[in-house]
Amino acid sequence: MKGRRTQKRERRQVMTSPYQAAHDRSLNDPEGFWGDAAKDIVWTKPWDKVLDDSNAPLYRWFTGGELNTCYNAVDRHVEGGRAEQAAIIYDSPITGSKRTITYADLQDQVSRFAGVLKAQGVEKGDRVIIYMPMIPESVVAMLACARLGAVHSVVFGGFAAHELATRVNDAQPKVIVAASCGIEPGRVVAYKPMVDEAVKQAAHKPGKVVIFQREQCKADMQDGRDVDWDEAMKTAEPADCVPVAATDPLYILYTSGTTGQPKGVVRDTGGHAVALKWTMNALYDVQPGDVYWAASDVGWVVGHSYIVYGPLLHGCTTIVFEGKPVGTPDAGTFWRVIEEHNVKVLFTAPTAFRAIRRDDPNGEFLKKYSTKSLTALYLAGERSDPETLKWAENHLQVPVIDHWWQTETGWAICGNPKGLELFPVKHGSPTKPMPGWNVQVLGEDHKPVPPTQIGALVCKLPLPPGTLPTLWNAEQRFRDAYLADYPGYYKTGDAGFIDDDGYVYVMTRTDDVINVAGHRLSTGAMEEVLAMHPDVAECAVIGVADELKGQAPLGFVCLKSGVDRPDEEIVKELVKLVRDEIGPVAAFKQAVVVKRLPKTRSGKILRGTMQKMADNTEVKVPPTIDDPDILPEIEEALEGIGLGKKRSG
């Protein structure tokens with residue numbers, strides 16, 4: 001007979017959910033948890049220590065270990081029987097072209113392009129800036145750098161010359177790799193003139209510029225400096241994988257919106273490979289061979305983690321999509337791609353679905369395609385408002401999973417880990433902290449606040465593998481920006497709360513908690529209410545300066561396609577809705593209808609820019625803005641309600 005203690009222990013084990021068991025172990029035994037996960041990566045030299053805390057609060061993962069990310073993402077699959085499986089499916093509705101690249105093809109292209117870089121003097125530890133559109137060659141360039149142990153820094157194609165120059169000065173690349181152009185709906189954006197101007201402005205001069213010529217716009221080449229991609233590939237000597245230390249940098253990614261001295265997030269090699277490989281199954285519930293689509297751009301962290309490295313480390317097929325959710329040619333393009341390529345998981349930004357919903361509120365385009373291959377939709381990049389989430393659930397009939405992460409973290413802080421255990425979705429919450437993450441909510445006194453109370457969302461150190469170990473050449477800035485305000489914790493810069501069930505709610509950036517007559521209110525909560533209105537497709541709430549109350553909330557709303565009612569009528573209803581749902585304390589009395597909202601190219605609404613405009617303070621056009629022509633429209637709307645430039649008093 002079993003003793004009572006054994007029976008109790010067995011009962012406890014039965015009651016512990018797979019998620020809870022993984023989460024508990026990841027916090028109580030991080031070495032064991034991540035050491036096991038690391039067995040899915042091929043190491044050329046095993047690590048001495050899983051978690052190195054000798055220089056806390058600067059922690060390092062897998063010290064002493066050596067590996068090559070490109071080998072793990074490409075060569076191992078060729079050797080392991082996936083040579084003829086599609087590694088990349090390129091689908092470009094903008095150019096009307098498609099192609100499939102197998103793992104064997106990818107190995108050939110990457111090893112040869114690594115040879116091209118090597119011939120230009122690129123070695124282990126050197127930096128290479130990549131300035132490319134959404135084409136397979138962008139992925140090839142990134143992997144070629146990883147193959148050589150060089151550090152890549154992808155700068156979003158089309159970034160202004162000055163912004164590119166600041167990154168050139170900071171990263172000091174030996175080579176720049178660029179395409180001749182990018183293609184946006186209705187226009188071709190020449191990249192080469194911007195590269196030339198950036199090199200002219202930069203104090204640091206790269207030795208060579210490698211150009212991939214696209215037929216839509218051929219670039220003029222500079223003798224002695226510029227190298228033609230295709231010509232160089234013809235004679236390139238394939239290069240082998242170079243093992244690097246687990247703690248060596250794989251890439252630098254400059255956070256969007258950085259001005260002046262750019263902030264370069266460093267990603268290490270070992271922890272990154274381990275964490276991303278682990279998330280593919282645990283979070284996204286995909287297996288090797290599945291088709292995984294992150295509809296983002298390689299210029300953003302999502303593109304790094306889940307267009308390039310995550311899917312390829314896992315042996316999936318990844319989709320490189322050069323298009324938009326609407327307008328290339330219509331609001332059905334996502335459904336076409338899912339049907340045509342048998343996509344199992346789609347990961348995109350909420351703004352993409354808001355655009356689709358706005359153009360096609362009743363989901364008519366969806367009826368033209370079969371999305372039966374799709375098992376889940378994942379949203380991240382900005383808060384997923386409940387109304388957009390519900391719309392996607394109703395039309396797709398699959399779990400719609402919001403998850404929360406940042407450029408700095410490289411993968412999800414919170415999510416619904418479908419591969420471990422699928423939790424009931426609570427609209428407005430990215431569910432629970434992922435294994436490896438100890439998320440807490442602290443008040444202004446730096447002490448934990450009770451459940452459901454808003455405070456600063458912080459993560460107890462050490463952060464899990466794959467997160468930023470530091471900033472490029474700026475350790476003190478790293479400490480000041482992320483570690484100094486809450487000693488022992490990583491400051492996310494987001495505000496929110498945790499409910500009684502352990503679900504995390506990310507309500508707003510801490511900068512967007514507004515103070516109305518002494519009440520700290522979340523603009524995110526007000527946005528949720530505005531989005532409930534049947535005529536509203538998209539919205540944003542900011543706090544504007546108010547002499548009496550300190551700050552007052554102001555709503556911007558975009559209406560759904562086909563809405564034909566007076567704006568004043570809708571605004572009245574919105575004011576009443578916020579009063580009914582949040583209460584008079586919100587003091588929500590003003591909203592304005594606009595055609596569109598200013599956003600970054602990754603889909604984040606530029607609330608800070610709109611707030612400066614409303615308060616009539618100096619506004620610098622952010623380098624990451626997708627369409628600067630929207631700002632005069634916002635200006636006009638603000639003037640219409642007595643704010644901004646023509647503000648009286």
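Look at E339 and K368 and you find no salt bridge, because none of the NZ, NE, NH1 or NH2 atoms lies under 4.0 Å from a carboxylate O. Salt bridge status for D290 with K344: present, with a side-chain N to carboxylate O gap under 4.0 Å. Of the charged side-chain nitrogens involved, at least one lies within less than 4.0 Å of a carboxylate oxygen, so that K426 and D499 count as a salt-bridged pair. Salt bridge status for E364 with K367: present, with a side-chain N to carboxylate O gap under 4.0 Å. Salt-bridge annotation for K560 and D359: absent, with no side-chain N of the basic residue lying under 4.0 Å from a carboxylate O of the acidic one. Looking at E421 and K432, no side-chain N of the basic residue comes within less than 4.0 Å of a carboxylate O on the acidic one, giving no salt bridge.
At least one test fails for K491 against the ring of Y482: distance under 6.0 Å to the centre or angle within 45° of the axis.
Using a 30° and 60° split on the angle between ring planes, Y505 and F497 fall in the parallel class, below 30°. The aromatic rings of W405 and H403 sit tilted relative to each other, their planes meeting at an angle between 30° and 60°.
When all heavy atoms of A295 and F334 are compared, the closest pair comes out as CB-CZ, 3.8 Å.
Counting non-hydrogen atoms of other residues, nucleotides and ligands closer than 6.0 Å to NZ of K572 gives a total of 12 or fewer. Applying the 6.0 Å contact sphere to CZ of R565 captures more than 12 heavy atoms from other residues, nucleotides or ligands.
Shown here are the side-chain contact (heavy atoms from CB on, under 4.5 Å) partners of S373, two or more places apart in sequence or in another chain: I338, N342.
Counting only heavy atoms from C-beta outward, the side chains of D402 and Y378 never approach each other to under 4.5 Å.
A centroid separation of less than 6.0 Å is found between the aromatic rings of W300 and F156. In this structure, Y306 has its ring center at least 6.0 angstrom away from the ring center of W411. Not less than 6.0 angstrom separates the ring centroid of F365 from the ring centroid of W335.
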